[in-house]
Structure formats: structure tokens, C-alpha cells
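Along the sequence shown, the residues carry numbers beginning at 1.
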Amino acid sequence: MHFNLEKELNTEQCQAASKLDGPLLVIAGAGSGKTRMLTYRIAHMLESGIDESNILALTFTNKAAKEMGERIRSLTGKKLKKLTSTTFHSFGMGVLKQYIQHLGFKNNFTVYDTNDRMALLKEVILNLDYVVESFDLYELSALFSDIKTKRKVFAPGATDKIRNLYIEYEKHLKAYNAVDFDDLIMKPLELYEKKPDILEALRNRYTHILVDEFQDTSLAQYRMVEMLAQESRNLCVVGDDDQSIYSWRGANYENLVMFERDFPEHLEIKLERNYRSSGTILEAANKLIVHNQARKEKNLWTDSGKGSSINLIHPSDDDDEATVIADRITEAHKKEDRAFSDFGVLVRTNSLIANLETRFTERGIPSQVTGGQSFFDRKEIRDIISYLKVIANQDDDINLLRIINTPRRGIGRTTLEKMRKVSEDHTFSLFDALSLMAIATDAQIREGMQKAIKRFVLLINEYHDQLFATRANKAMVLRALIKEIGYKELLENEHPENEGLVNFKMKGIDMLCNMLSRWERNSENSNASLFDFLNRLSINGKEKVDEDGSGKIALMTIHASKGLEFDTVFLAGVEDQFIPHARAIEEDPKNIDEERRLFYVAITRARRVLVISSCEKRKRGHDLVTSLPSRFLEEMPKELFDEEDPSRPLEATEISDKLRLFRERLAARAAASC
């Protein structure tokens, strides 16, 4: 095994891969080939005689850790079973498996996931004779995570209830010989401090440590590696402060400053050559990010050419935005033979995903939601679709079981068991069993229960007839069904103190109805039935690739796009209330820097084509409200843009004037309403 690093890597990459001893800080800009550099650096370590068991490579996702391990094995041709390429949490779990008995736990401990944690919180609340409904379990869980990881302390006004809950939660974990996700970082640190011999043993094993995506480390994660590397000083950290976008989950980009303080003898190398994006996209990103003051100075560059201008469009509203994006992707797919997987559609918030996803589904465009809940995975949407599936196909046992008590009809466990037995005895579907039970004279079926069964059977049969009637307006029938079953009342009972959440869920259901309405108005579906509509939903949600093997559009939040790249990127909802996000700025005006970093990450996901969409108006409830383009658009040179307006063509020089006009219009409205 021999590598010519100078041949395989550029000058800066080669310099970083060649320095094997001492602390090293690599500032790796977006698309600068840091993974390639790290792969060759580890291969060079092995070639230089460093034992594989002495190398610890840490990153943030299992996928990234696995990919790095596979690349190194492919490059070296060795199995490298003792090489540790893993995530922080997996490394922490390995430490605990070996040493957790020193903290009073057994080695066969259980790791509690989010659902386990929520269940334990409920149990603790009940054990303390508190009322479960008086707590927001998600807020409580987030607070306890912040307390445990030392991101926060209990506020002076924190109630004894909250403090007691935290103490009891920790006691219950230990009693159940369980740890939660945060413990996988914090308990190894506890071991370091309480058992110096364990820390020394780990230091002797891991003499060369590498950390990827260093800007995403929390303070606790930094301490985990800093303490390991204190003696050997062989710590290489690779990151980009301009891509630090996870402060809300504990990431601390100032760890770069702490590294410089703790390892003053470090060498710093910058990777600024970009192998991903066109010159125009990089210039826009560079001009944007310089508005952040507390950052490492860098300037991304490429020798691959300037490329096309950034396309800035102004759809009239969010429905128009979804249509325009769907049309452009469809046209490129058909006329240019572009794979759907070439396209990434990015948004700042989950709330913007549903409209785009439903439009893609209507058009038969395969998409995959990442980093946010798919519209079709929402409970309320799945409930209504399950009703449609049973109405269309009464033999669908799985969906029948989902809806039979949604909302509750008083059909209890005993009746369901009898339904199953009747079905098995007669070898027919559960619905047929219910139909038989509705007219049976069996004394074992109580009169009230039989009436409930009969009402349900009639409901399904009646709506089957209506939805399959020749001239039926299916969307109107669906709305009638939702009203008849009292679905809004069900939501109100489930969330009595949260009218906003009820309205949000009902808005989603309304979107589903509108989707069905648009589908049946489409002339191509004039002879189609409800089955065709449901099949369209299923195909888009379940298949990994479409028939021509061209994959799916990636539809995701900007946060989820980190580390990915696409030939063409659409940034939707680039408006001031979304990016920068209004709530983030209200919480702390300093959050503007992270919002700008987030937009920087979004821009640098694009290889060749970048389309930015900023709607003139956007729906707020039932109203269309004027939207303003994101202020970040003003921070990039106007000559980089090719702006399009549906009503008339605009010259690039008009961008600033149009942005200013939007601001003046909003200010006038605000003044008039005072």
C-alpha cells in the first residue's frame, strides 16, 4: 500500500493529510473535499505505521461514519476490524458497555429512545401523584436534556415539582438499569472525572483522534475528545464555522475558539477550493456570509466556470409556487431526460413541505420527504385516507382496524375479539363479519353494541355508494364524511387546551380535500375512480424509485440537507418570516447570524442550477397576506440574479428596487393598522 498524496489531493488537502502528529485545525469550506482528505489522511496514518486500533474517527451520523469506514477499507484493501470510525453517541455507548459498572449500573443496560423517555416521564409524573395533562411532555423532555447536558440550569423560579420530576426521572433510569441518549455523552465524561485510570486507559488506546463536522459538536462532545487528546496532542478537527446550524440542539461553533485556546500549538489549514458548485453560486455564498462578523475568513473558489445566473422567481402565492416548481421539474425531466434525483427542493420550516408534497403527488412526481414529517404520515391525514381506503375496499382489514374507533364508537375489545372470530370462522373479511353481526340475533351481542356496529356498517356502505356514483363530486362527499364522523370534535377532545393545533390539523385535512378536488378536475382523470386516486398516493409514498429508475425528488428542510448536494436546487419560501425565521429573531436578534449560515448552507447544496422562490403573497389561515423577500437576498450582488416575474419580465437591475418596494408596502400597511 503506497499513496502519492500530492497526486491524489490538492495542495491544502495534501498538507492536511500529511500532518499526522500534533493538533490540527482544518477549516473545510462547503464542497471542498474534506471527506476525501480525511480518508487519505487515515490511510496515510496506517501506511506510516500507526496501528488501526489507535485511531478514533468521530462524526455525527451513522451513515457518514459507515461511508468513511468503507472508503478507507476500499482505499487500503484491508478489513481494518479494529479501526474505530463511529459517531459520538456510539463511541460513548462502547465506553459505557466496558465501564458503566463503575457508576453503579450493570453492563447489560438499556438505551431509552424518545418514546421510552416519554413513557418514563409519564410514569414518574403518576408516581408523584401529579396530573399528566398539566405538563407538556416534549417541553419537559427538552428541559431535562438541557439540564443534563449542562446547557441550562434550573431557573430560580423553577417549581419544586419540576425539580422533583428530574430527580425521580434519574432515579427511575438507574432503577431500570437504563440510560437515555444524553447519557451516552455525559456518563463517559463522568467516568473520565471519577475514574482517572479509565481515562488513562482510553488515552493509551486512542492516540490519534479525528473529528469531522467539528462545528456541530456540543460543549460536552468537545470535552469528550479534548480530555482524551490532552496527553498525545494528536487531535485533528475538521469543520466550517459558516455551516454551524444546530445551536438549537446544543452545537457550539465557538468550540473552534476553545480548540485554539486548549491547543495553542495547533496548525491551521483552510480548504477553500470548491468541487461542487458553479462560480456564480459560490460568489453569492461568499458575498452573503461575509455579513457574519464572528467567523473564520475564507473565500470559496472553483475553476469549473461561472455557470448560469441564479434564477429568482416571484410566484403569486404558495399554490402558484408549488405549481411552478412542479412544472419546471416535470419539463426538465421530460425534455432534458433529467432524473428526479437530480433535484432538491429545500424549505426553512416543515410547514412549507405539505403544499409542495401534495402538488408533486397530484402530478405523479415521485418525492421523498427528509428531515420533516411527510404530509401523508400525519396521523390526521392517515386517518382520513384510511376511511377512504375502507370505503373503496371493504376487505381492507388493516385500515378498518385503524378507523373503527376513530372517533370512538364504543366498540370495545370484546366486540373486536368476536369480530375476529366471526371472520375466521367464515373465512371472510372483518367488515363482512361486522355486517353479519349488525343483523345477527345472537344474544351475546348487546343491543347498544349492535346499534353502534350497524351505524358504522351503514356509514361505510353509504359513502361507498356516494363516492363511486358517476357524477359525484368526490371532494364534497369527503368533506361531508369528515363532518359526519365528527373528526374536528375528536381533535378538540384530544387537544382541549390547544386550539391552534386543532386548526393546524384541520387545515391539513382541508388540503387533502383540495388535493382530491384538483385531481378530479384534471381532465386526465375524467374516467378514473377513487381507487386511482388512492393508488396515486400509495405509489408516491411507498416506491423507492419510479418506473424509469430515475429516483425521487428530495424534499426537505435546509437543516436536513446538510452534507448533501444536487444538480438543481429549488429554495422555496425565501421570505422574511421564514428565513430569517421570525420567531428565531424575536427570541434573540443575535440569531440572525445562524439564520444567515442556514441560508448559506442552502445555497451551497446546488451544483449547477439554483432557483430561489419568494411569493408575493402567502396564505395565513384563510387569508392571503403580503410577503416580503428575504433580507438575505439584498446581501448578494444583484448581477448574479436572473429575476422572473409571472406578470412581466424584469431586468436584473430592478431587483433592489423591487425588494425595497415590498418593504415600503409592508411598512405602510403596518402604519395604517396602528
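- Ring geometry, Y166 versus F154: the interplanar angle exceeds 60°, so the pair is classed perpendicular (tilted spans 30 to 60°).
- A distance of 9.5 Å separates CG in L555 from CD in Q368, rounded to the nearest 0.5 Å.
- V601 approaches S561 most closely through the heavy-atom pair CG1-OG, 4.3 Å.
- At least one donor-acceptor pair closer than 3.5 Å links the side chain of S277 to the backbone N or O of A606.
- The two residues R233 and P264 have their closest heavy-atom pair at NH2-CD, 4.2 Å.
- Relative to the six-membered ring of Y99, K195 misses at least one condition, a distance below 6.0 Å or an angle of at most 45° to the axis.
- The nearest pair of heavy atoms linking K34 to A28 is CB-CB, 3.7 Å.
- No close placement of the F343 and F566 rings is indicated, their centers lying 6.0 Å or farther apart.
- A donor-acceptor contact closer than 3.5 angstrom is absent between the side chains of N299 and E272.
- No more than 12 heavy-atom neighbours from other residues, nucleotides or ligands sit within 6.0 angstrom of CD on E6.
- Taken to the nearest 0.5 Å, the CD atom of E226 stands 10.0 Å off from the CD1 atom of I209.
- Judged by distance alone, the side chain of N274 and the main-chain N or O of T302 form no donor-acceptor pair under 3.5 Å.
- For K298 and D240, the salt-bridge test passes: some basic side-chain N is under 4.0 Å from an acidic carboxylate O.
- Between M45 and I55 the shortest side-chain heavy-atom distance falls below 4.5 Å.
- Of the N and O atoms on the side chains of E123 and Y176, at least one donor lies less than 3.5 Å from an acceptor on the other residue.
- Ionic pairing of R607 and E565 is present here: one or more N-O contacts between side-chain nitrogen and carboxylate oxygen are shorter than 4.0 angstrom.
- Between E297 and K270 no salt bridge is recorded (no basic side-chain N to carboxylate O distance below 4.0 Å).
- Two residues are said to be in side-chain contact when any heavy atoms from C-beta on lie closer than 4.5 Å; I72 and S85 fail this criterion.
- Between D593 and H291, the side chains place no donor N or O within less than 3.5 Å of an acceptor N or O (distance only, hydrogens not considered).
- When atom types are taken as modelled, the side chain of N177 and the backbone of K106 share a donor-acceptor pair closer than 3.5 angstrom.
- A distance of 6.0 Å separates OG1 of T84 from CG of L56, quoted to the nearest 0.5 Å.
- The main-chain N or O of D180 is found under 3.5 Å from a side-chain atom of D183 such that the two form a donor-acceptor pair.
- At a cut-off of 3.5 Å, with distance as the only test, a side-chain donor of S351 or T349 sits close to an acceptor on the other residue.
- Checked for salt-bridge contact, K82 and D51 miss the test: no charged N lies under 4.0 Å from a carboxylate O.
- Contact check on E67 versus R71 returns a salt bridge, with a Lys/Arg side-chain nitrogen under 4.0 Å from an Asp/Glu carboxylate oxygen.
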For H208 and D21, run side-chain hydrogen bond (donor to acceptor under 3.5 Å, both in side chains): C-alpha distance rounded to whole Å, both residues' side-chain angles, the deciding distance at 0.1 Å, then the answer.
CA-CA 8 Å; H208 289 74; D21 297 317; 3.2 Å; yes
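- For T87 (side chain) and S90 (main-chain N/O), a donor-acceptor pair under 3.5 Å exists by modelled atom type.
- A salt bridge is defined here as a Lys NZ or Arg NE, NH1 or NH2 lying under 4.0 Å from an Asp or Glu carboxylate O, and E70 with R73 fails to meet this definition.
- The distance between the ring centers of F578 and F599 does not fall below 6.0 angstrom.
- In this model, a donor atom of one side chain and an acceptor atom of the other lie less than 3.5 Å apart for S145 and D182.
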Step-by-step salt bridge (Lys or Arg N to Asp or Glu O under 4.0 Å) determination, D241 to R295
CA-CA 6 Å; D241 51 342; R295 60 182 290 268; 5.5 Å; no
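- Looking only at distances, a side-chain donor or acceptor of Q101 sits under 3.5 Å from a matching main-chain atom of Q98.
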Go through E52 and K78 one step at a time and tell me if the salt bridge (Lys or Arg N to Asp or Glu O under 4.0 Å) criterion holds.
CA-CA 11 Å; E52 62 184 90; K78 295 184 177 181; over 6 Å; no
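- Aromatic pair F109/F105: centroids not less than 6.0 angstrom apart.
- Rounding to the nearest 0.5 Å gives a distance of 12.5 Å between CG of N127 and NZ of K171.
- Using modelled atom types, one finds a donor on one side chain and an acceptor on the other under 3.5 Å when comparing R596 with N292.
- A distance-only check finds a donor-acceptor pair linking the side chain of N286 to the backbone of L282 [under 3.5 Å].
- Summarising the geometry of F259 relative to P23, their closest heavy-atom pair is CZ-CB, 3.8 Å, with the distance given to 0.1 Å.
- Side-chain atoms of R117 and Y169 include a donor-acceptor pair closer than 3.5 Å.
- A distance-only check finds no donor-acceptor pair linking the side chain of H44 to the backbone of Y40 [under 3.5 Å].
- Donor-acceptor pairing under 3.5 Å is lacking for the side chains of Q13 and R273.
- Under 4.0 Å is where a charged nitrogen must lie from a carboxylate oxygen, and between R597 and D242 no such pair does.
- Counting only heavy atoms from C-beta outward, the side chains of R608 and I281 never approach each other to under 4.5 Å.
- Remark: T149 OG1 to F181 CZ distance equals 12.5 Å, nearest 0.5 Å.
- Without hydrogens or angle criteria, H266 side chain to D262 main chain gives no donor-acceptor distance under 3.5 Å.
- The minimum heavy-atom distance linking G29 with Q243 is given by the pair C-NE2, 4.0 Å.
- The existence of a salt bridge linking D216 and K562 is confirmed by a sub-4.0 Å separation between a basic side-chain nitrogen and an acidic carboxylate oxygen.
- In this structure, T280 and G307 approach most closely via the heavy-atom pair OG1-O, 3.7 Å.
- Looking at R163 and E168, no side-chain N of the basic residue comes within less than 4.0 Å of a carboxylate O on the acidic one, giving no salt bridge.
- Judged by distance alone, the side chain of H559 and the main-chain N or O of I245 form a donor-acceptor pair under 3.5 Å.
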Take Y222 and F88 through the test ring pair (Phe, Tyr, Trp, His ring centres under 6.0 Å) and record every step on the way to the result.
CA-CA 10 Å; Y222 172 67; F88 276 92; over 10 Å; no
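- Here the CD-CG distance, from E283 to L288, works out to 12.5 Å after rounding to the nearest 0.5 Å.
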